[in-house]
Amino acid sequence: MPTLSVGATAPRAEDGARGALILVAASLATLGIAGALAFYLLPVGFGLTGAILALAQVGAILLGAALVASSTITIRRHQRRRAALAAVAAALGWEYRADIGDHVWGGSIDEQIDRGSRTARDHLDGRRSEIPFDSVERTFVVGDREGATVHTVRAVRIPLPSEAPRITLRSRRGGGALSVLPRRPTGRSRFRLEGDFSDVFDVSVPTGYETDALYVLTPDLMVILLDASADLDLEIVDSTLHVYFPAVDLTDDAELHRFLTVIAALHGRFGRRTLLYRDEAAAPLDPEAYRRDGDALAARARRVDTRVRWWPVLAAVATPLVPMLIAVVWLLLAG
């Protein structure tokens, strides 16, 4: 087991103790409910007696015990995974935080998903490493009620040396973070590039910034993207490159190697292409004024026109009607 490096954060002992107390309390509560069901509700509420009551009581107790065992196994597996991830971070000189609360991450997920419908955990902070980045596992909910879907991704932020116009690269393989969000770029924002690149990525840029996109997305960079990240979604937001992996297991050596290889390749190529970029349409900056993200860009360079995806909306509306439709069909068939 690797030791912690300076500045790394391991799961604290009090966190483990608190988790154990919560587990014990939840287990006792589950067994209490099972006991109330077995020894009060079944004989008094349902009026069961004799052998039927005995069998029902045994079944209730066994069900409660199975729920406790399942919860215990799930929680312990989760704790072991977090401990292993903290060890990986420590060995590589990163900081690890199990929970970063509602910290604003940036990018399209924060822009399109309400704060109450997204969470972040397992933050890996490698911004002081040779190849700076940080990463977090993000879970977010798209839609409402019966039509809602839950998605989990491993989001990565790679700092860029200069601010660049908003460019989104959505893998056509589907299922990525940018593909499941409620809004997608409009047709007029889409930009087709040479060769088969646009057959792999759906590229969108701000209107009027097509030439700027060509300055960034040079043929050599497109080759890197095709080789290293054809199944991933990416977007440039001001001076940050956001990369969206699926929910990878970074305690697995093969997945960790691929994760680091992609980050290294993208950091080097995107850094070189954006180093000297300047937005000619941006207002001149006052050297004495306070600088904020996006100040070096014109307002229209920071956004891509989007439209609502209607299929999730229709699914959310139609889903509650399915049981009613089934009942109507059954009634018609029955007579």
Side-chain angles (χ1 to χ4, degrees), residues 19 22-23 26 29-30 33 67 70-71 73-75 77-79 81-82 85 97-124 135-157 166 168-187 189-190 201-202 204 231-235 237 242-250 255 303-330:
I22 294 174
L23 177 60
T30 302
I33 294 172
L67 290 174
S70 175
S71 300
I73 292 171
T74 300
I75 292 173
R77 184 185 298 119
H78 179 66
Q79 290 175 337
R81 188 189 69 84
R82 281 194 161 179
L85 190 57
R97 297 178 184 86
D99 186 3
I100 60 173
D102 59 356
H103 174 76
V104 176
W105 185 258
S108 292
I109 294 177
D110 282 4
E111 293 170 355
Q112 298 190 34
I113 304 298
D114 293 336
R115 180 167 291 187
S117 299
R118 63 179 193 255
T119 60
R121 66 179 187 179
D122 294 337
H123 181 229
L124 300 171
S135 174
V136 73
E137 186 173 279
R138 309 203 68 185
T139 299
F140 56 95
V141 180
V142 178
D144 297 316
R145 300 183 179 89
E146 291 84 354
T149 55
V150 181
H151 307 273
T152 300
V153 297
R154 167 60 64 174
V156 176
R157 295 186 300 192
R166 187 74 171 253
T168 66
L169 302 169
R170 183 170 57 87
S171 175
R172 290 186 178 273
R173 297 185 182 181
L178 300 182
S179 297
V180 300
L181 289 175
R183 303 183 67 87
R184 282 189 184 175
T186 61
S189 297
R190 291 179 180 171
F201 287 103
D202 188 353
S204 300
D231 59 332
L232 307 179
D233 290 352
L234 308 91
E235 60 179 340
V237 182
H242 292 261
V243 186
Y244 301 99
F245 289 80
V248 294
D249 179 10
L250 296 181
E255 294 195 34
R303 65 178 182 272
V304 171
D305 293 333
T306 59
R307 59 174 174 80
V308 175
R309 295 170 58 225
W310 288 108
W311 282 112
V313 177
L314 294 175
V317 173
T319 299
L321 301 178
V322 172
M324 183 184 302
L325 180 62
I326 294 175
V328 170
V329 172
W330 185 83

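In what follows, residues are counted from 1 in the order of the sequence shown.
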Could you give me the CA-CA distance, side-chain angles and deciding distance for S179 and R184, then say whether side chain to side chain contact (heavy atoms under 4.5 Å, CB included) is met? CA-CA 7 Å; S179 297; R184 282 189 184 175; 4.0 Å; yes

Begin with the C-alpha distance, continue with both residues' side-chain angles, and end with the deciding distance and a verdict on side chain to side chain contact (heavy atoms under 4.5 Å, CB included) for Y244 and L232. CA-CA 6 Å; Y244 301 99; L232 307 179; over 6 Å; no

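- Between the side chains of R170 and S204, no donor N or O sits under 3.5 Å from an acceptor N or O.
- Atom-to-atom distance recorded for E235:CD and E111:CD is 7.0 Å, nearest 0.5 angstrom.
- Electrostatic pairing of R82 and D99 does not count as a salt bridge here, judged by no charged N lying under 4.0 Å from a carboxylate O.
- The two residues A177 and D233 come nearest to each other via the heavy atoms N-OD2, 3.3 Å.
- Counting only N and O atoms by type, the side chains of S108 and R166 include a donor and acceptor under 3.5 Å apart.
- Partners of R157 according to the salt bridge (charged side-chain N to carboxylate O under 4.0 Å, His left out) rule, which considers only residues two or more places apart in sequence or in another chain, are D134.
- Here the straight-line distance linking atom OG1 of T149 with atom CZ of F140 works out to 8.0 Å at 0.5 Å rounding.
- Listed here is the closest heavy atom pair of R172 and F201: NE-O, 3.8 Å.
- By the salt bridge (charged side-chain N to carboxylate O under 4.0 Å, His left out) test, D305 pairs with R188, sequence neighbours left out.
- Using a distance-only test at 3.5 Å, with no hydrogens or angles considered, no donor-acceptor pair links the side chain of R154 to the main chain of V248.
- Side-chain atoms of D110 never come within 3.5 Å of backbone atoms of V104 as a donor-acceptor pair (strictly under, hydrogens ignored).
- Considering all non-hydrogen atoms of both residues, P185 and T168 come closest at CG-OG1, 4.1 Å.
- The backbone N or O of D122 lies less than 3.5 Å from no partner atom in the side chain of E137, so there is not a single donor-acceptor pair.
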Assess the residue pair V136 and R97 against the criterion (side chain to side chain contact (heavy atoms under 4.5 Å, CB included)); give the C-alpha distance rounded to whole Å, side-chain angles, the decisive distance to 0.1 Å, and a yes or no. CA-CA 9 Å; V136 73; R97 297 178 184 86; over 6 Å; no

Under the criterion side chain to side chain contact (heavy atoms under 4.5 Å, CB included), I'd like the reasoning laid out for L178 against H242: C-alpha separation, chi angles, the key distance, then a yes or no. CA-CA 11 Å; L178 300 182; H242 292 261; over 6 Å; no

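- Atoms OG1 and CZ, on T139 and R121 in that order, are 5.5 Å from each other to the nearest 0.5 Å.
- Between the Q112 side chain and the R183 main chain, a donor and an acceptor come within less than 3.5 Å of each other.
- For the pair R81 and D249, the salt-bridge criterion is not met [side-chain N within less than 4.0 Å of a carboxylate O].
- L85 and L250 get closest at one heavy-atom pair: CD1-CB, 3.9 Å.
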